[in-house]
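Have a look at the structure below, then the notes.
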Amino acid sequence: MNKMMTLVGCALSLFATGANAAENKTEGNTPAAAKPNILIAYYSWSGNTQKVAKEIQEKIGGDLFEIKTVEAYPEDYKTTVSQAKKEIAEGYRPKLAAEAGDLSKYDAVFIGSPNWWGTIAPAVSAFLDNTDLNGKTVIPFITHGGGGVQNTVKDLTAQCKGCKVSATPWVGYGSFTIGISGWLKDLGYKK
């Protein structure tokens, strides 16, 4: 009985090894192109930007990193809007709850932010100030409540020292994730 179990185990192991090898090959028995290592970093006050970040991860894989502030913004919309306006005018950078850590394994970093007063949220600015993205491809995605892209991508690009910011951001209204699949495909990403 033990010999039979050993034979079954070996057969399954060989089958799995063959299947894995087949997955990593393309036509002509050459290795498939290496899949890029992706980080999806985002700040989300209302959950809209988080929804987009998770949709991107579902479509292409990658690791999620939620940019969180030590002190949460108020739950009341009007209070948060007033606070954000003041912080942006003063160039304030809130203290972040955690750092993204060593990003050396990532080839591309998707960065998501809501449009607050025509620019990226102060938490995203703090992330850019505290994170070494030198040499990385950075791909912005922006959510908004009617303001569109405005200066979000321009300001993100100015703050992203030494990185290559994609000229093709995804910009969407509220929590709608329309067009993400096509956008990712146009950028050359797929799972």
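This is a predicted model, so every value here is computed, not measured.
- Of all heavy-atom pairs between Leu96 and Ala123, the closest is CD2-O, 3.9 Å.
- Between Asp155 and Thr119, the side chains place a donor N or O and an acceptor N or O closer than 3.5 Å (distance only, hydrogens not considered).
- Cluster annotation: Ile180 and Ile60 are assigned to the same hydrophobic cluster (Ile/Leu/Val/Met/Phe/Trp/Tyr, side-chain heavy-atom contacts under 4.5 Å, transitive).
- When all heavy atoms of Gly148 and Val171 are compared, the closest pair comes out as C-CG1, 4.0 Å.
- Residues Phe127 and Ala41 come closest through the heavy atom pair CZ-CB, 3.8 Å.
- Considering OG1 of Thr177 and CZ of Phe141, their distance stands at 12.0 Å, rounded to 0.5 Å.
- A side-chain donor from one of Gln159 and Ser125 sits under 3.5 Å from a side-chain acceptor of the other.
- A distance of 4.0 Å separates NZ of Lys154 from CG of Asn151, quoted to the nearest 0.5 Å.
- For the side-chain contact (heavy atoms from CB on, under 4.5 Å) test with Tyr106, the passing option among Thr137, Ile40, Asp63 is Asp63; the others fail.
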- Task: Given side-chain contact (heavy atoms from CB on, under 4.5 Å), test Asp107 with Ile38 step by step and report yes or no.
- Result: CA-CA 6 Å; Asp107 304 309; Ile38 298 167; over 6 Å; no

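- Residue Thr168 holds its OG1 atom at 6.0 Å from CG of Leu187, rounded to the nearest 0.5 Å.
- Between Thr49 and Ser113, the closest side-chain pair of non-hydrogen atoms is not below 4.5 Å.
- Inter-residue side-chain proximity for Thr80 and Trp116 is flagged as met; some heavy-atom pair is nearer than 4.5 Å.
- In this pair, Tyr173 and His144 present their aromatic rings perpendicular. The plane angle is above 60°, beyond the 30 to 60° band.
- The pair Lys54-Glu58 fails the salt-bridge criterion, with no side-chain N (NZ, NE, NH1 or NH2) lying under 4.0 Å from an Asp/Glu carboxylate O.
- Here the rule is side-chain contact (heavy atoms from CB on, under 4.5 Å) with Pro169, and of Ile111, Val153, Thr152, Ile139 only Val153 fits it.
- Across every non-hydrogen atom of Ala53 and Leu64, the tightest pair is O-CD2, 3.8 Å.
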- Would you sort out whether Phe110 and Tyr189 count as a ring pair (Phe, Tyr, Trp, His ring centres under 6.0 Å), showing the intermediate values? CA-CA 12 Å; Phe110 286 74; Tyr189 290 95; 5.4 Å; yes

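- Distance check: Ser104 OG to Lys136 NZ gives 6.0 Å after rounding to the nearest 0.5 Å.
- Side-chain contact of Tyr73 with Glu87: a donor-acceptor pair under 3.5 Å is present, judged by distance alone.
- Within the 4.5 Å cutoff, side-chain heavy atoms of Glu66 are placed close to those of Gln50.
- Both Val165 and Val124 sit in one connected hydrophobic cluster of ILVMFWY residues. Membership requires side-chain heavy atoms under 4.5 Å apart, directly or through other members.
- In this structure, a donor-acceptor pair under 3.5 Å is absent between the side chains of Glu99 and Asn130.
- Rounded to the nearest 0.5 Å, atoms OG1 (Thr131) and CG (Asp102) are 11.5 Å apart.
- We find the CD-OH distance between Gln83 and Tyr92 to be 8.0 Å, quoted to the nearest 0.5 Å.
- Across every non-hydrogen atom of Val138 and Cys160, the tightest pair is CG2-SG, 3.7 Å.
- Of the possible donor and acceptor atoms, none in the side chain of Trp45 sits under 3.5 Å from a partner among the backbone N and O of Ala72.
- If you run salt bridge (charged side-chain N to carboxylate O under 4.0 Å, His left out) between Asp129 and each of Lys161, Lys95, Arg93, only Arg93 comes through.
- Cluster annotation: Leu184 is not connected to Leu39 through the hydrophobic network of ILVMFWY side chains, with a link wherever side-chain heavy atoms come within less than 4.5 Å.
- The neighbour count for Glu71 CD, taken as heavy atoms of other residues, nucleotides or ligands under 6.0 Å away, does not exceed 12.
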- Message: Apply side-chain contact (heavy atoms from CB on, under 4.5 Å) to residues Tyr42 and Ile67 and explain how you reach the verdict.
- Response: CA-CA 6 Å; Tyr42 67 94; Ile67 301 167; 5.7 Å; no

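- Residue-environment remark: OH (Tyr77) stays at or below the threshold of 12 foreign heavy atoms within 6.0 Å.
- One hydrophobic cluster, built from ILVMFWY side chains closer than 4.5 Å, holds both Tyr43 and Val109.
- Looking only at side-chain heavy atoms (C-beta outward), Asn115 and Thr143 stay at 4.5 Å or farther from each other.
- Ala98 and Phe65 get closest at one heavy-atom pair: O-CZ, 3.6 Å.
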